[in-house]
Structures are given as C-alpha cells and as structure tokens.
Amino acid sequence: MITTDIKKAKEALINGQLVAIPTETVYGLAGNAFSQIAVEKIFQLKKRPHHNPLIVHIKSAEYLSEIAREIPPMAQKLAHHFWPGPLTLVLKKHEKIQNLVTSGNDTVAVRIPNHQLTLELLQQLDFPLAAPSANPFGSISPTTAEHVYHYFKDELEVILDGGACEMGIESTIIGFENNQAILYRHGSLAIEEIEKIIGPIRYHTHNNETPKAPGMLTRHYAPKTKTYLTDDLTSLIAKFDGQKIGLLIFKNPVKSNHVVHQEILSSAGNYTEAASNLYGSMHHLDKLDLDVIIAQRLPDEHLGKTINDRLERATKNG
Ligand code: TXA
Ligand code: MG
C-alpha cells in the first residue's frame, strides 16, 4: 500500500513489519533495528547476502551513544555539520546492536536522514530503523514510491510516500581507522564538502572478497538493459548502429538518427541536479525495451565523482 499516513507506517513497524521510507537520498526498506525478526525480513525481501551490513537510522544525535560506543572527535564534527543529511558514519558498535545488522562486524553504520516525514516517524518510535535502499540486491535504487512498488508490489505492507527524493543518490559513507577518516562509499555529500571540515580523507582500497562497504561491490545499481559507459559517445553510438539505443547524457543532447531516447541529467550542467535525476533516468531508460543504454562519463569532480562511481558499477560485468 502506498500511503502518506505516518500512523500506518508506525503500526506496521511496531508489529515487526517492513515499511519503505522516504529519505533525501533514496527510499529505504525499513524495519525495527532492535528486532531480529524484522531485520531478517529485510535481508529476505531484498535478497541481500548476509555479509552486507545495514545502516541504522536515528532521530537525533543524542541517540548516537545508544548505537555506538566510541565517537571520535572527527565523527562528532561531521555529525554536527551534516546531520540530518546524506552522510553515514561507521563507528564502533554498541552491544545493543545485533550482529545481524552489522553482519558480524564490530562497527555499525549510522545516520540521521533529512526527510520531514521520516523524521516525524522516527520521533514517534522508541527504536531506530535499520534500512538499506529499497531495491532488490544489485538493482537500481528507488527514488520514488512508485519505483519501490514496481520492485516489491504487495510483498511490502506499507510504502510511505514522501515524493521524489531530493538528492537522489545514497549517502556518503565515512569510517575511521587510526584517527584517520576513510571514504567507504561515494555518495550525495561531495568529498570536497567533507574535506572542508576535517581535512584530507583517504580512499578505502577494497577487494571483492571482503568488501568493507559492499556498496563498493563491482556490479551494483544495474539496469536490466545492457549498459555501457564512455567518454566518446559518437564512436559507441556508431558501433551499435541499427540497434535501439538509449542515451544517458550529462548536459548536451546528441544529434543522431540512431538514438531512440535521450535522458539529460542537467541541461545547466549542475552536478546536484544531475545526481537527483540519475536513478530516475536509469529506471526510465530501463523500461523502454532498448537494446542498449550508453551513458556518458561526467567530469571527475564534486558529485560527478559519485555519478561516475554509480555508472561504473552499473556497467560492470560480474
Ligand atoms: O542513503 C543511504 O545511505 C540509503 C538510505 C535508505 O539511508 N541507504 C543505503 O543502504 O544506501 P544500503 O544498504 O543500500 O547501503 C549501505 C551501505 C552498504 O554498502 C554497506 O556495506 C555499508 O553501507 N555498511 C553498512 N554497515 C557497514 C559497516 N559496519 N562498515 C562498513 N560499511 C557498512
Ligand atoms: Mg543499496
């Protein structure tokens, strides 16, 4: 059921059911973070491997001491600046946090989402919400209630409709190792903004066997349609001559008779606007029954980095 009624969402969550919640980044598939049954349901419905931990969503920073047992000064600074907002902090977990949520890790990922409906809902609950993005594992994240419904239909009791997500890409994830901040996942908060507050950040190097943040797994955020990423649109369009081609373009439309449809992320060339349109454009292109989607790489700065990261994962094999 798609609804704007917080009461329905609250009742479902108290009864151990799952609810899709709007956030400023993407829709989350939420359950009571303190309930093993609810958290297990999240993994099952999403078909998510158990080694991929969840983010815990809290209503205010006061609550942090019930989730994490150590909060480094750098983390406090970032929380102060960016919460509520699209920043997830990975901290040493409190014993109250069950291993199922953290996939057995000694750390927990936590954030305060910046969406009025979801903040109101959290205020009315006496437990935090564990919520991954509300899509089946590996597919494109949902940025509208309709995207969520398209994925789960009536398997999901309640979808709380908070409109289209303002930012449109997942939160940026930062962890702390040896007093150094480390980027685990590019996201809606540009690294440049974080570095203004705490100085240079290290990038996490990962491998696919033991991903630190499995959002970093190679193939992820992927349309069903075969998708390519390129700096050279003209050559790739020529290569697929005669096929039904869809384009995902940063700002300037391409003149070509071979192209069935073009999605322009931001005709003004604005990264924030481009990020907010990315998943919606990917969902749209994926429904057009195309032979191929060709995406254009963005300049590698600000949220261009985040968009390129998602496009790279969407176009990887395996
Ligand atoms: O914007 C967002 O972050 C959205 C909204 C719903 O809040 N949520 C989201 O969740 O993107 P999900 O599950 O799709 O991605 C969570 C990421 C995963 O890549 C996971 O591996 C990482 O967070 N993560 C969770 N706990 C972690 C931990 N203890 N250490 C490192 N990474 C962790
Ligand atoms: Mg996800």
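Just so you know, these numbers come straight off a predicted model, no measurement behind them. We count ligands from 1, going down the list as the structure has it; atoms in each ligand are counted the same way. Just so you know, these numbers use all the heavy atoms, side chains as well, and skip hydrogens, waters and symmetry mates. The first residue in the sequence is number 1, and the count goes up from there.
Here is the list of ligand 1 atoms found below 4.0 Å of a heavy atom in Ala109: 25 (C), 26 (N), 27 (C). Below 4.0 Å from some heavy atom of His57 lie the following atoms of ligand 1, by number and element: 5 (C), 6 (C), 7 (O). Atoms of ligand 1 lying under 4.0 Å from any heavy atom of Gly28, numbered from 1 in the order shown and given with element: 6 (C). Heavy-atom proximity to Ile173, at under 4.0 Å, picks out these atoms of ligand 1: 17 (C), 22 (C), 23 (O). Counting the atoms of ligand 1 from 1 in the order shown, those under 4.0 Å from a heavy atom of Ile55 are 3 (O), 8 (N), 9 (C), 10 (O), 16 (C), 23 (O). In summary, the atoms of ligand 1 found under 4.0 Å from a heavy atom of Asn52, numbered by their order in the structure, are 18 (C), 20 (C), 21 (O).
Contact check on Glu193 versus Lys196 returns a salt bridge, with a Lys/Arg side-chain nitrogen under 4.0 Å from an Asp/Glu carboxylate oxygen. Salt bridge Arg297/Glu312: present, at least one basic N to carboxylate O contact under 4.0 Å. Salt-bridge check for Glu170 with Arg185: failed, with every basic side-chain N at 4.0 Å or more from each acidic carboxylate O.
Distances from atom 20 (C) of ligand 1 to the heavy atoms of Pro53, Gly104, Pro86, Pro132 show the closest one on Pro53. The heavy atom nearest to atom 5 (C) of ligand 1, out of those in Val108, Asp106, Thr25, is found in Thr25.
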Verdict with supporting geometry, Leu13 and Gln17, side chain to side chain contact (heavy atoms under 4.5 Å, CB included): CA-CA 5 Å; Leu13 288 164; Gln17 295 175 324; over 6 Å; no
Intermediate values then yes/no, ring pair (Phe, Tyr, Trp, His ring centres under 6.0 Å), Tyr203 and His186: CA-CA 10 Å; Tyr203 284 32; His186 282 287; 5.6 Å; yes
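We find the OH-OH distance between Tyr27 and Tyr149 to be 15.5 Å, quoted to the nearest 0.5 Å.
The nearest N, O or S atom of Ser141 is not closer to the Mg ion (ligand 2) than 2.8 Å.
Look at Thr102 and you'll find every heavy atom at least 4.0 Å from all atoms of ligand 1. The shell of residues lying under 4.0 angstrom from ligand 1, judged by heavy atoms, excludes Lys93.
Residue-to-ligand polar distances keep Tyr27 apart from ligand 1: every N/O pair is separated by 3.5 Å or more. Polar contact with ligand 1: absent for Asn105 (N/O pair, distance under 3.5 Å). Below 3.5 Å of separation, one finds no N or O of Lys46 facing any N or O of ligand 1. Looking at ligand 1, you'll find an N or O of Arg48 within less than 3.5 Å of one of its N or O atoms. In terms of polar-atom proximity, defined here as any N/O pair under 3.5 Å, Thr107 does make such a contact with ligand 1. Between Arg185 and ligand 1, a contact under 3.5 Å exists for at least one N or O pair.
Judged by distance alone, with hydrogens and angles left aside, the side-chain atoms of His81 form no donor-acceptor pair with the main-chain N or O of Leu78 at under 3.5 Å.
Evaluation of the side chain to side chain donor-acceptor pair (under 3.5 Å) rule for Gln296 yields no partner, not counting sequence neighbours.
Remark: Arg313 is not positioned above the aromatic ring of Tyr221, lacking an NZ or CZ atom under 6.0 angstrom from the ring centre and at most 45 degrees off the axis. Relative to the six-membered ring of Tyr63, Lys59 meets both conditions, a distance below 6.0 Å and an angle of at most 45° to the axis.
Atom NZ of Lys7 has 12 or fewer neighbouring heavy atoms from other residues, nucleotides or ligands inside a 6.0 Å radius.
Contacts between Ile21 and ligand 1 below 4.0 angstrom, taking non-hydrogen atoms only, are absent altogether.
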